[in-house]
Structures are given as structure tokens and as C-alpha cells.
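Structure first, commentary second.
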Amino acid sequence: MGDEDWEAEIITPHLSSYVPVFEKDRYSSGANGDTFSRTPVPSSEIDDGPSRRDHFMRSGFASGRSLGNRDAGESNKRESVPTMGGFGVGKGFGNRGFPTDKLEEGDSSGFWRESNNFGEDTPARSRGFSRRGDSECEQDEGMPRTGGLFGSRRPAFSGPGNGDIFQSRSGSGRGGYKGLNEEVATGSGKNSWKSGTEGAESDDIQGPKVTYVPPAPPEDEDAIFAHYQTGINFDKYDSILVDVSGHDVPPAILTFEEANLCQTLNNNIAKAGYTKLTPVQKYSIPIILAGRDLMACAQTGSGKTAAFLLPILAQMMRDGITASRFRELQEPECIIVAPTRELINQIYLEARKFSFGTCVRAVVIYGGTQFGHSVRQITQGCNVLCATPGRLMDVISKEKIGLRQVRHLVLDEADRMLDMGFGPEMKKLISCPGMPSKEQRQTLMFSATFPEEIQRMAGEFLKLNYLFVAVGQVGGACTDVQQTVLQVGQYSKREKLVETLRNTGDERTMVFVETKKKADFIATFLCQEKISTTSIHGDREQREREQALGDFRCGKCPVLVATSVAARGLDIENVQHVINFDLPSTIAEYVHRIGRTGRCGNTGRAVSFFDPESDRPLAQPLVKVLSDAQQDVPPWLEEIAFSTYMPGFSGSSRENVFTSVDTRKNFRGKSTLGTAGFSSPQVPSPADDESWD
Ligand SMILES: Nc1ncnc2c1ncn2[C@@H]1O[C@H](COP(=O)(O)OP(=O)(O)OP(=O)(O)O)[C@@H](O)[C@H]1O
């Protein structure tokens, strides 16, 4: 997409939009930009297709929205205007750059709020850059789709029977295309820092424009603060060992009050139902408030998002913010990146929740949505930018986002963000013109897994004196998930799947498979078996993905078949069960996948089909994950594990995901060890920092 093109998008609606009838009706034709979504609906969209498409029946997203008219200083306890749809342009952007107190009163969300409930960007999954096959792994945003110059979508479904459930509705590859220009910083921009390769891609290839505009997020306060209950094991968090390494570690806090956050933040924390800190929060909040860089590793579902959002927001409120509405170039104080669209949107919703009633305005942008829509969100004011990497680089290259004011840079799922898929993009980000050096910004990395080599790479992004917080064992599985591994050959898997699902009844279940094609195939197969199922993977249009996730969340489709695109970060209430129909190729991915259940003190179950033909290399790390989490290890698995020669496996895993904790200790010496309930002793490690940069 050329420089001008997105601007044209803003002014002129695209005619190729595939907004379905139910969505179209939600969008008014009001003056404030509503025309963007008033696009004709192709008959293929109006036709709801064969009856067995029920598994992605449209659930409809929250339609209420705020017009966002705000006077300076008005809080974002907005009047919700229950008109249907419309992409209103918020007026009355709050004053920016208030001193501390004012910020609490200001107009953070006085702007029209964008976004939907879910989103994604995903490069080659765990298999790395080079294994980006159509059927092998998830698609990298910004990488050309297989199947043609324009990445035309193959019919997503090619399964048995009348499998038109998933049949491509685009013919021309319209929505499935994750355009090169759409997803990565392309060479069409003006900046010389971009790579030649990107430029070449962008200059020559113009794909169909992505016209999808995600629905606005809920405006209703109850919906913003909706949350699920912590589980029976929440208090057990206190007994988890926490290891903090680095110099001058700020003492952990035991309560939210000790964090000394401002009243508005405290109110929002209470409204979110948080009464007690999780271990990663106890340690990370004071570290971040002290301005330190941090790499934090804590088990899935243990509250890492709030662990970085709350102290960042507190600092922004304390230090003041500068973004001003309708400036073409917005300069956010905080940038958060995550690997998938759905995850970044979830983080955005959390940021929006915790910044409710403040002057801080969070914005989310991600691939698979109309670029002009992203730009419109940004230009209405942007203090916290939540973005997937490709879209982020694109708005930077188009000079819609400036980096000079960045004080906080967060890499969520940091090991994923630094691996071969996204690492190059992240390196580009930190070397973009204007990006403050690591000395001038605070860089925070969070994940449940941190392979050793990734930790080493991370040094490039972090100040020498960064701290490392490890809650439990780095790379360990959540102990609230009961793990079962069954030996199932590939030809018996479907039968076993149906049997397992029939036994679980209506429990919300995520079924992970290794390829996009198989996700469609299995979803269709389950529908034929009268098990209400939907699917999510990188070949589905963004609208379909959001719909699928919405249907799963609300229980309309209690089974979600997914590729690893849904493995990380997604926090969905009531997922009681994860099934690894196919095991992933890395143990880190396994840990993340099963972490979609058993969250926040709740219990869950994970069943994995181990096919000795293909999963043998995973046996050793799997045995370690199981035993570390005090799970039964089947004797046959142990036998396979110990009869399999694994070069480089030294009691950890082939990807060294179970590093002792902070890999700097391999060079330096000791760290501190405490439990989550207590502040660890302030023993600085005798570090040789130089070896780390
Ligand atoms: N202190 C708390 N009290 C109650 N609920 C909390 C608390 N902290 C987080 N939660 C809730 O716990 C759930 C999991 O949190 P979150 O998604 O941040 O986990 P995570 O550690 O980032 O998981 P993952 O590794 O899968 O990304 C969310 O619903 C969140 O709102």
C-alpha cells in the first residue's frame, strides 16, 4: 500500500468490504466517519450458506458505543450512546500533559474507542522462520501467503462431506490476504532505515486492501470491568518460589496498597475484582515503578498483564502524558507488542480497563484490519499503543507514530517476540529513528517461557542492570492443569477425540492441531459428529477469527479447534479443557497451549495425543514438564524419552526452555530465592554485566 493509499481509504469507502448483514446494520451513516463501514455486502456474505455453518454463527458484538464527545478534563466515565454502530470520531480530546492529579480526572477515553474483542498477527509458529509452509505453521503477518502473489486464500476448507462451513468466501483472496504492506513496514514509506527486502516486496506487490473494521469495544462500564472469578488455588500462588536476580532489587510488595498507586487506578483494580496480588505482580510492580528494566517469567494465567500495565500506567499518571488529539504524528509514551492479533486486543482491553477514568488513552492496531482504521484510532490520541509488530512498523514507516516520547516498551510473550519470526522486526523497532536508546527507555519483557538463547538475545534490548524475576520454574507448566498424555497413532486420533469430547460434555474445550488445513478438517469433522465447533487459524479472515473466538467465549460453540495462533496469552473464561490433537514441535508451545486452561487459580485439564511416529523428539522435555508439575508420567513415555537420543538435552530440553532461571547466572553467580509471599533478600549478584550486552 503506497503512502497515499491509506489516506484514500479514510475518505473513500471500499466497495469490496464483506461486512455481513448483521454487522452492516450496526453501522450508522452518521457524519463521523461512519461511511467507512457502510459498504455494500456481497451476496456471498448475505447468504449464510449451508446449514452446517452453524459453528460460526454470528454472535454479534457489543453494539453500543460512545460518541466520545469529551471536553478537556472530562473523565472517561462516558455516557454510552446506545445508537447502533457508527464509527464516530471522538470530539473533545482531553488535555494532555497534565500534572499528576489532573490526569486522573482527564479524558482518557473521552475519545471514541475502537476495536473489537479479539485480534491477531502471527508469524511462523514455534518452528521458526524457515518453516513457514502453508500447512505447516501459522502465517507470519507480513509474509506473503502461499498460493500466489497476492496470497490468495485457498478455500479454507477441503475436508469431507459438504464442508462448506469453512469454504473461502472470498474467491479473490480478499480477506485472507495479509498484505505485505498491510503487515510489515514496507519500502513504500519514506524511511531509509527499512530493509531493501521489504522495499522490494512493497514496491512490486499490491494485494487487495484489507477493509475489515473491527467492532468497537464495549462502552458499558460493567462490560469493561467484567471478569471471571479467581479459582480455588489462587492462594496457593503464595507458596511458589520466586527467584529475583540482578542488582539492587526493590523489595516486593504484599498488597496493592503498598504500591501507592493513585486513587483512580486503585478504584479500577477493585472494580476488576483484584483484591490480592499474584506473585509476579508482587515482584514486578515495585521493580517497574522503580524504573528498572525487567525480564519476568511466570506461569501461564498468573497475571502478567496487570503486572506490567499497572506500574506503567502509574508512571504515566505521575510523569504526565503529551499526546494531543488530531496531531497527525502521535507520540505514545508506551508501546506494547504481542505476537497475535487476538492477544494484543486482549491486552488493549486490559489497558483500557485499568486506565478507565484517566487521561491515558490506549489504542490497539493489528493486521487483518483496515489500515485507515488503525490510523484513525491513532490520530485521535495515543498514549499507550498496543500493536502487533507488522502493523506497528507500518504506522511508524507511514509516520503516523513517532517514537521520541516512548518511555516504556513492553514485549509480551517476549520469547516469541524475539525468536526468528519476530526478532528481526523487534530489532528494527529499537533501531528506528527517534526510538530512545535502551538507557532512555524502560524495557519490559514477560512470558511463561524463556529459552536460554532468547534470554541472551534480550540483552540487546535491556539495560545492563535489568532484573530477572522467575516465578516457579522458568518454562514450567501451570500446576493447576492436570496433564494426561495418551499414546494415540495418527489414524486413531479422530476417534479418540470424539470419545474424549463426548466424555467431557459441554465443557469449553480448545483442540490444538498443527496445521491450518487440519484445523478446518477437524472442525468440520466435529460438526458432522454434531459437536458444535468453530475454528481459528491464520488462514481465516480476521472477521471470521473474531467471530469464532466470540462464539467460543460466549459458549455458543463450546469447542474451538485452533492452531498455535491461539496458544499464547488468550484468557478465556471457563476453558476447562485443552486437547493436543497434535503435539506442538516445541515444549514451550506445549506449555503455552495447556495454559489456556487452569488460569488464575482455577483448575483445568489437558489431554495430549502422543504419536510415537512423530512426537518422539518431544518425549524428554515432556517428561520433564510433567514431573516438574507433579503429574503422572506414563511409563511408556518415559521409555520413549530415555531411548531417544537427544543431542544437547541436558536434563532440560532441546530448546533449553528450562534454564535454571536467569541465564546470566551461568556466568555470574547467585541470585536470590524467596517465596512469593516474602520479599527476597537484597543480595546483589556479583554480575559481570559486560558479558551481557
Ligand atoms: N491479582 C489478581 N486478582 C484477580 N485476578 C487477576 C489478578 N491478576 C490477574 N488476574 C486475572 O487472571 C487472568 C489471567 O491473567 P493474565 O492474562 O494477565 O495472565 P498471564 O500470566 O499473562 O497468562 P499467559 O502466560 O497465558 O499470557 C485474567 O483474567 C486476569 O484478569
Side-chain angles (χ1 to χ4, degrees), residues 118 224-238 240 253-259 261 265-266 268-285 296-312 336-340 342-354 386 410-417 444-450 469-472 474-478 480-481 510 553 564 566-575 578 588-602 604 606 657 676:
F118 332 96
I224 290 171
F225 286 97
H227 60 271
Y228 62 82
Q229 294 305 310
T230 58
I232 47 166
N233 289 337
F234 191 82
D235 288 339
K236 284 199 200 159
Y237 280 144
D238 287 343
I240 297 179
I253 53 172
L254 297 178
T255 62
F256 280 111
E257 293 72 50
E258 281 181 61
L261 305 174
L265 278 182
N266 281 330
N268 292 342
I269 290 167
K271 279 191 268 184
Y274 292 19
T275 51
K276 199 175 158 183
L277 291 155
T278 66
V280 70
Q281 293 163 358
K282 285 176 184 170
Y283 284 83
S284 302
I285 290 174
C297 189
Q299 67 184 67
T300 51
S302 65
K304 294 186 285 294
T305 316
F308 63 77
L309 279 178
L310 290 171
I312 287 176
I336 302 170
V337 284
T340 70
E342 286 77 13
L343 176 56
I344 199 65
N345 201 44
Q346 183 180 294
I347 294 169
Y348 157 73
L349 293 172
E350 291 291 289
R352 188 172 177 257
K353 171 170 85 181
F354 289 123
C386 306
V410 183
L411 274 58
D412 194 27
E413 307 297 342
D415 55 330
R416 187 78 192 89
M417 300 309 297
L444 307 170
M445 301 192 179
F446 284 77
S447 185
T449 51
F450 260 116
V469 169
V471 180
V474 173
C478 172
D480 293 328
V481 181
M510 288 178 83
R553 271 186 204 271
S564 279
R568 284 181 180 252
L570 293 186
D571 184 52
I572 301 168
E573 180 172 11
N574 252 331
V575 176
V578 168
E589 209 60 26
Y590 173 83
V591 167
H592 287 281
R593 282 183 181 184
I594 67 167
R596 295 318 97 211
T597 184
R599 300 177 68 77
C600 205
N602 291 288
V657 75

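For ligands, and for the atoms within them, numbers begin at 1 and follow the listed sequence.
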Determine, considering heavy atoms only, which of [options] sits nearest to [atom].
atom	options	answer
atom 8 (N) of ligand 1	Q281, Q299, E350	Q281
atom 11 (C) of ligand 1	C600, G595, S447	C600
atom 27 (O) of ligand 1	G301, G569, A272	G569
atom 29 (O) of ligand 1	L570, T300, D571, T275	D571

Does some non-hydrogen atom of F446 fall short of 4.0 Å from ligand 1?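 It does not; every heavy atom stays at 4.0 Å or beyond.
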Which of the atoms of ligand 1 are close to [X], meaning less than 4.0 Å from one of its heavy atoms?
X	value
R596	26 (O)
F234	2 (C), 3 (N)
Y228	13 (C), 29 (O)
E413	27 (O)
T230	4 (C), 5 (N)
S302	19 (O), 20 (P), 21 (O)

Verify whether the ring centers belonging to F225 and F354 lie closer than 6.0 Å.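 Aromatic pair excluded; centres sit 6.0 Å or further apart.
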Polar-atom distance check: [X] versus ligand 1, any N or O pair below 3.5 Å?
X	answer
G303	yes
L277	no
K304	yes
Q346	no

For ligand 1, indicate whether the residue T305 contacts it via side chain, backbone, both or neither (heavy-atom separation under 4.0 Å).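 For T305, backbone and side-chain atoms both sit under 4.0 Å from ligand 1.
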Region of H227 that comes within reach of ligand 1 [heavy atoms, distance under 4.0 Å]: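 Neither part.
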How far is [atom] from the closest protein heavy atom, and which atom is that?
atom	answer
atom 1 (N) of ligand 1	K276 O, 2.7 Å
atom 9 (C) of ligand 1	Y274 OH, 3.3 Å
atom 26 (O) of ligand 1	R599 NH1, 2.7 Å

Tell me whether N602 contacts the main-chain N or O of T597 through its side chain, where contact means a donor paired with an acceptor under 3.5 Å.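 Looks like no, no N/O pair under 3.5 Å.
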Kindly check if the number of other-residue, nucleotide or ligand heavy atoms within 6.0 Å of CD (E258) is above 12?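 Counting other residues, nucleotides and ligands, CD of E258 exceeds 12 neighbours.
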Salt bridge check, D571 against R596: does any charged N sit closer than 4.0 Å to a carboxylate O?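 Salt bridge absent between R596 and D571.
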Between D415 and H592, does the side-chain contact (heavy atoms from CB on, under 4.5 Å) criterion hold? Intermediate values first, please. CA-CA 12 Å; D415 55 330; H592 287 281; 4.2 Å; yes
Of T230, I269, N268, which meets side-chain contact (heavy atoms from CB on, under 4.5 Å) against Y274?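 Exactly one option meets the side-chain contact (heavy atoms from CB on, under 4.5 Å) with Y274, and it is I269.
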Roughly how far apart are N266 CG and K271 NZ, rounded to 0.5 Å?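 Reported value, rounded in 0.5 Å steps: 12.0 Å.
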Quick one, [X] and [Y] - any side-chain contact, counting heavy atoms below 4.5 Å?
X	Y	result
K276	D238	yes
Y237	Q299	yes
D412	I347	yes

Determine whether R593 and S564 satisfy the following criterion, side chain to side chain donor-acceptor pair (under 3.5 Å), listing intermediate values before the conclusion. CA-CA 7 Å; R593 282 183 181 184; S564 279; 3.3 Å; yes
CA sep, side-chain torsions, deciding dist, call: M417, V337, side-chain contact (heavy atoms from CB on, under 4.5 Å): CA-CA 8 Å; M417 300 309 297; V337 284; 4.1 Å; yes
